[in-house]
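Okay, structure first, notes after.
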Amino acid sequence: MTGSGKDETLIVACTDGPLLVRGPIRIESSDGTPITPTRRTVALCRCGVSTIKPFCDGSHKLVHFHTEPVPEPEDAE
């Protein structure tokens, strides 16, 4: 991502944790009902255990959720 404008969205995949979303987003339930974020940075569940889905409640720590390591990009020669 380049720049630092307020209208840009950044998603960070936390190791063994949630997806952190910063910037403008729109979240909807599976039936299209809007879900209003209550914070500027939103943590979305990846482990599937959160009791407040789609948001993270920290349950990933209790179930020892682990993500696969991100492979290093190969050097282009």
Side-chain angles (χ1 to χ4, degrees):
M1 181 179 97
T2 60
S4 59
K6 291 182 181 181
D7 60 344
E8 293 180 316
T9 301
L10 173 65
I11 301 173
V12 178
C14 296
T15 303
D16 301 335
L19 296 173
L20 293 183
V21 184
R22 295 182 181 100
I25 59 169
R26 188 174 86 202
I27 303 174
E28 295 181 352
S29 68
S30 59
D31 67 2
T33 304
I35 299 172
T36 305
T38 58
R39 299 178 181 197
R40 288 176 39 177
T41 299
V42 175
L44 297 177
C45 176
R46 286 201 295 171
C47 73
V49 183
S50 174
T51 59
I52 58 170
K53 288 184 206 84
F55 305 107
C56 174
D57 68 0
S59 293
H60 58 274
K61 295 175 187 174
L62 298 174
V63 298
H64 307 289
F65 175 72
H66 292 289
T67 56
E68 294 295 322
V70 176
E72 292 294 323
E74 294 183 28
D75 292 332
E77 292 185 37

Taking all non-hydrogen atoms of both residues into account, name the closest pair between [X] and [Y] and its distance.
| X | Y | answer |
| --- | --- | --- |
| L20 | A43 | CD2-CB, 3.7 Å |
| D16 | H60 | O-CD2, 3.1 Å |
| P24 | D7 | CG-O, 3.5 Å |

Who are the side-chain contact (heavy atoms from CB on, under 4.5 Å) partners of T36, not counting sequence neighbours? none
With rounding to the nearest 0.5 Å, note down the distance linking SG in C47 to NZ in K53. 7.5 Å
Interatomic distance, CZ@R46 vs SG@C14, rounded to 0.5 Å, equals 7.5 Å
Please write out which residues are connected to V63 in a hydrophobic cluster, directly or through intermediates, given that two of Ile, Leu, Val, Met, Phe, Trp, Tyr count as joined at side-chain heavy-atom separations below 4.5 angstrom. V49, F65
For L19, the rest of its hydrophobic cluster, which grows through side-chain links under 4.5 angstrom: I11, V21, I25, I27, I35, V42, L44, I52, F55
Listed by chain and number, what are the salt bridge (Lys or Arg N to Asp or Glu O under 4.0 Å) partners of E28, not counting sequence neighbours? R26
How would you list, by chain and number, every residue that makes a side-chain hydrogen bond (donor to acceptor under 3.5 Å, both in side chains) with T15, sequence neighbours excluded? none
Among residues at least two apart in sequence or on other chains, which ones pass side-chain hydrogen bond (donor to acceptor under 3.5 Å, both in side chains) with S30? none
